[in-house]
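Since this is a predicted model, take the numbers as computed values, not measurements.
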Amino acid sequence: MTLLWRTLLRNRGRVASGSLLIGLHQGCQAVVPILIGVIVDRAVAPGHLGMLAFWVSTLAALFLVLTVAYRAGTRQLMRAIADEAHGLRLEVAAKVLDPRTEVRTGDVLTISTTDADTTSYLLDYLPRLFGALVATAISAVGLCLISVPLGLMVLFGTPVVLVGLQWAAPRITRRVAARQEVAGRAASLATDLVTGLRPLRGIGAQDAAAHRYRDVSRESLSATLRAAKTLGWFQAASDTVSTLVACGIAILAGWFALSGRISAGELVTVIGLAAFLGEPFATLSAAPGWFASSRASAERIEAVLDLCPAAPPTGASPVPPVAGECVGVVVEPDAGALVALLDDGSPDVLVAPHLPELFSGTIRENLLEPAGPDQLGEVLRASAADDVVAAHPDGLDHAIADRGAALSGGQRQRLALARALLAGPRLLVLHEPTTAVDAVTEHAIARGIRELRHRPGSTLGTLLITTSPALLAVTDRVIVVRGGRVVATGTHASLAAGDETYQAVVLR
């Protein structure tokens with residue numbers, strides 16, 4: 001609820017003005033059937049043309065006011081909704097872009113789109129609720145002036161209906177939240193599977209991956225159907241009750257007219273108000289479902305915004321200097337904090353991120369080639385990027401789209417690795433550089449990195465932050481970091497043979 005209150009407070013100006021304008025629009029609509037009844041009794045029944053012209057002009061002015069009020073009010077509210085949804089997306093993005101914060105990709109997708117929109121719709125729900133209350137109050141007063149029983153039927157019947165429908169709000173909140181949670185898991189799994197499709201095919205695991213996605217997809221479908229069923233029953237109940245109240249008013253008014261207790265114009269007013277009340281009644285009865293959906297989405301956004309990033313290790317880096325060495329680092333449970341700590345802008349250190357970024361231009365321009373053709377060829381072979389270059393007739397001058405959209409994930413990783421190797425820093429930090437390549441290419445890259453940067457007499461250091469056995473096998477030593485502290489050190493072979501935790505993480 002904290003996020004919902006904050007949403008209202010930072011949009012209070014637009015919500016207040018929009019509510020007043022929507023309230024004016026709904027109030028004018030409620031006055032329309034009352035004014036028509038007056039026209040019937042005071043102009044049509046007596047046949048007074050002058051009065052008819054006056055009241056028709058008044059009715060036209062009323063329509064002008066309600067039209068302008070609606071357009072101005074909705075413009076204010078739509079701007080508030082768009083700005084709030086955008087602001088929520090920026091907050092979610094700022095939180096998940098922190099490398100120390102662990103959030104599933106699918107959750108980011110649903111939270112920053114569906115949940116942000118649904119939460120911001122609160123800024124529309126409140127003015128609509130206010131307008132419905134204004135319309136109901138004016139209608140009730142108008143009916144009381146015609147017949148007290150008719151007015152009391154609205155005044156007392158509406159709160160009873162609203163209280164009776166409130167029982168469904170908690171269930172709607174739970175089921176909408178469950179639907180969004182499972183949908184996030186399905187989207188996250190789909191993203192992971194698409195990103196790692198080629199490695200999955202390389203080890204023959206595509207059928208198992210498809211089976212796993214099928215299960216979570218079915219779970220998502222079941223959650224969606226449960227939520228839709230609850231919302232459907234609620235909407236059906238609210239529509240039925242609203243219709244019954246309107247019909248009851250119309251039937252009672254007809255009886256009053258037949259018994260001579262109300263005039264023809266008053267009957268027209270009552271019938272008009274009964275038909276009109278269907279809209280505000282529907283809004284009032286559906287409001288609990290709307291607010292439940294907004295609350296469920298707001299709670300999911302709050303869960304992300306309240307995440308505490310993993311604190312970076314205090315004091316010195318848990319990884320000692322690696323001059324001349326190729327060192328593997330296995331971090332549990334997540335390497336984000338360590339990567340952020342190492343990426344401090346030191347001139348001799350280059351940290352290559354896990355997700356490579358390419359820009360529009362040629363392959364040569366993306367590599368930022370500072371070396372001669374001999375060194376370039378050597379780097380391309382070490383990173384297995386020579387296959388990417390050879391696959392295109394233009395070679396290094398092949399044009400690629402922004403962010404490498406036309407390339408596979410493995411091709412992007414290999415080009416980004418070649419760019420990092422070409423820079424030749426004294427310390428190169430590589431964070432999971434081969435997750436999107438097949439097993440054969442991964443072994444070739446591991447050997448290439450070792451041979452390129454760690455020839456006899458080399459003083460260059462390489463830090464491989466990974467759980468890949470192929471990469472760890474070419475390192476001089478492996479450091480296991482758990483909870484920001486070094487808990488084991490040794491060669492890959494010794495740790496794989498004697499450390500069960502290392503086996504579970506690396507050899508799974």
>> Taking salt bridge (Lys or Arg N to Asp or Glu O under 4.0 Å) as the definition, give me every residue that meets it alongside Asp124, ordered by chain and number, with sequence neighbours left out.
In response: Arg128
> Does the Thr441 side chain pair with the main chain of Val437, one donor and one acceptor, at a distance under 3.5 Å?
Replying inline: no
> What residues form a side chain to side chain contact (heavy atoms under 4.5 Å, CB included) with Val487, not counting sequence neighbours?
Replying inline: Val480, Arg482
>> If only side-chain N and O atoms count, and only distance matters, is there a donor-acceptor pair under 3.5 Å linking Arg453 with Thr462?
In response: yes
>> Is it true that Asp117 and Ser120 share a donor-acceptor pair across their side chains at a distance under 3.5 Å?
In response: no
> Relative to the ring of His25, is the ring of Tyr70 parallel (under 30°), tilted (30 to 60°) or perpendicular (over 60°)?
Replying inline: tilted
> Any side-chain donor-acceptor pair under 3.5 Å between Ser294 and Ser297?
Replying inline: no
> Minimum heavy-atom separation for Asp476 to Gly324, with atom names?
Replying inline: OD2-O, 4.4 Å
> So, Arg412 side chain and Leu407 main chain: donor-acceptor pair closer than 3.5 Å or not?
Replying inline: yes
> Mind checking what makes salt bridge (Lys or Arg N to Asp or Glu O under 4.0 Å) contact with Arg419, not counting sequence neighbours?
Replying inline: none
> With no hydrogens and no angle check, is any side-chain donor or acceptor of Thr283 less than 3.5 Å from a backbone partner on Glu279?
Replying inline: yes
>> Which residues pass the side chain to side chain contact (heavy atoms under 4.5 Å, CB included) test with Glu451, not counting sequence neighbours?
In response: Arg447
>> For residues 71-88, which residue pairs pass the salt bridge (Lys or Arg N to Asp or Glu O under 4.0 Å) check, not counting sequence neighbours?
In response: Arg10-Glu84, Arg14-Asp83
>> Using the side-chain hydrogen bond (donor to acceptor under 3.5 Å, both in side chains) criterion, which residues pair with His443? Sequence neighbours excluded.
In response: none
> Using a distance-only test with no angle check, is there a side-chain donor-acceptor pair under 3.5 angstrom linking Gln413 and Thr435?
Replying inline: yes
